[in-house]
Number of protein chains: 2
Amino acid sequence: MKLTHEEIAQLLLENNIKPSYQRIRIMEYLIDNRIHPTVEDIFNEVHKDVPTLSKATVYNTLHLFIDAGLLRVITIDEHETRYEIGLHDHGHFKCNSCGKIYDFDVNPECLSVPDSLNNFEISEKNVYFKGICPGC
Amino acid sequence: MKLTHEEIAQLLLENNIKPSYQRIRIMEYLIDNRIHPTVEDIFNEVHKDVPTLSKATVYNTLHLFIDAGLLRVITIDEHETRYEIGLHDHGHFKCNSCGKIYDFDVNPECLSVPDSLNNFEISEKNVYFKGICPGC
DNA sequence: ATCATTGCAAACACTTTGCATACGC
DNA sequence: GCGTATGCAAAGTGTTTGCAATGAT
């Protein structure tokens, strides 16, 4: 189910983003590599195929995607900004040893809004755990 | 129930931290101002009373407290590192408009570990919501 | 006197910005 | 040709580091 460049271009257009080559390649990377990559990760990999790519463009593009609601920032760790293309709500587990981030399904109960937030308008819910993964 | 400097010194000693004046004042600030302050907040306020205080010392001291388990980093937003002295587990709500952070009690169900994390050793659990607070 | 803590300034890493070039309709 | 996206380099921010001065026991 790998998307073609045309399909990705379509996806971008639907979100009012002009599908430049760089943007398509960055989106392609994000779709194919659901590893919660950092800017570093994205830049390094896409740069291999698109040598002229600059980091500024990566930053620009990610912000574009975020504003369009296509991309989410994962804020688990200071000093480390990661991104993932938005699916359903789910939790993240970060291994403090190897640094890998795992997805997990959260108890739906969990995301119920407590009484104390009655008059709050909630746009985003996040759950994350930290610890050591089985491999470490 | 404001703690005296002596009581704070005692608290630090119990955690194997030498109670220097700066450390006491920083801890005092953290205890008296449960507003999830940033380094900026802490530095600015404590600096008023302790003019020689340097930011490096604030950073040093916060790391000391964190290592001792007295302090927690709140990672809600990239570009913004906030701290709170550790109490029970609770959720945080951040208002995207005024930036204020509210505490709320999370559904205990929420923090139950899902099957998919069976063999994971979990040391930290976090829940945070974002949106707009009633005041905004 | 010794060892730890502090404060300053320089170094760092990550991100943003400004601007000139290049690209696409 | 015009407007936008890109790439570079410089500027900006927040945090860390090295080291000399200070403070405590």
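Heavy-atom basis, side chains included; hydrogens, waters and symmetry copies ignored. Bear in mind the structure is a predicted one, so any value in this text is a computation, not a measurement.
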Checklist entry - Do the ring planes of F120(A) and Y102(B) sit parallel (below 30°), tilted (30 to 60°) or perpendicular (above 60°)? => result perpendicular
Identify each atom pair where a protein N or O and an N or O of nucleotides 2-4 of chain D are less than 3.5 Å apart, giving names and distance.
none

Checklist outcome for this item: In short, side chain to side chain donor-acceptor pair (under 3.5 Å) pairs touching residues 25-34 of chain A with sequence neighbours left out are K2(A)-E28(A), K2(A)-D32(A), H5(A)-E28(A), Y21(A)-R25(A), R25(A)-E28(A), R25(A)-D49(A)
Checklist entry - Starting at CD1 of I42(B) and ending at P of dG14(D), how long is that distance when rounded to a whole Å? => result 14 Å
Checklist entry - Between Q22(A) (CD) and dG7(D) (C1'), how many Å, whole number? => result 9 Å
Next on the checklist: Testing the 3.5 Å rule here: is there a donor-acceptor pair between the side chains of D41(A) and T38(A)?
Outcome noted: yes
Next on the checklist: Tell me the interatomic distance from I17(B), atom CD1, to dA4(C), atom C1', rounded to whole angstroms.
Outcome noted: 14 Å
Checklist entry - Should V127(B) and L111(B) count as side-chain neighbours, where that means a heavy-atom distance under 4.5 Å? => result yes
Polar-atom pairs under 3.5 Å, protein N or O versus N or O of nucleotides 22-24 of chain D: list them with distances, or write none.
none

Next on the checklist: Counting C-beta onward and ignoring hydrogens, is there a side-chain heavy-atom pair between E84(B) and L71(B) closer than 4.5 Å?
Outcome noted: no
Checklist outcome for this item: Those residues at least two apart in sequence (or on a different chain) that pass ring pair (Phe, Tyr, Trp, His ring centres under 6.0 Å) with F65(B) are none
Checklist outcome for this item: Residues passing the salt bridge (charged side-chain N to carboxylate O under 4.0 Å, His left out) test with E40(B), sequence neighbours excluded, are K55(B)
Checklist entry - Going through the checks in order, is the side-chain contact (heavy atoms from CB on, under 4.5 Å) test met by T81(B) and V39(B)? => result CA-CA 8 Å; T81(B) 308; V39(B) 168; 5.9 Å; no
Item to check | Aromatic ring pairing H63(A)/Y59(A), orientation class (parallel under 30°, perpendicular over 60°, tilted between) | outcome: tilted
Checklist entry - Does T57(B) make a side-chain N or O approach to OP1 or OP2 of dG7(C) shorter than 4.0 Å? => result yes
Next on the checklist: Measure CD1/I24(B) against C1'/dT6(C) and give the value in whole Å, please.
Outcome noted: 15 Å
Checklist entry - To the nearest Å, how far apart are H47(B) NE2 and dT6(C) P? => result 15 Å
Checklist outcome for this item: Per-nucleotide protein contact along nucleotides 8-25 of chain C, 5' to 3', at a 4.0 Å heavy-atom cut-off (B base, S sugar-phosphate only, - neither), is B-----SBBB--------
Checklist entry - Is the shortest heavy-atom distance from the side chain of N126(A) to the side chain of I76(B) under 4.5 Å? => result no
Checklist entry - Is the ring centre of F104(B) less than 6.0 Å from the ring centre of F129(B)? => result yes
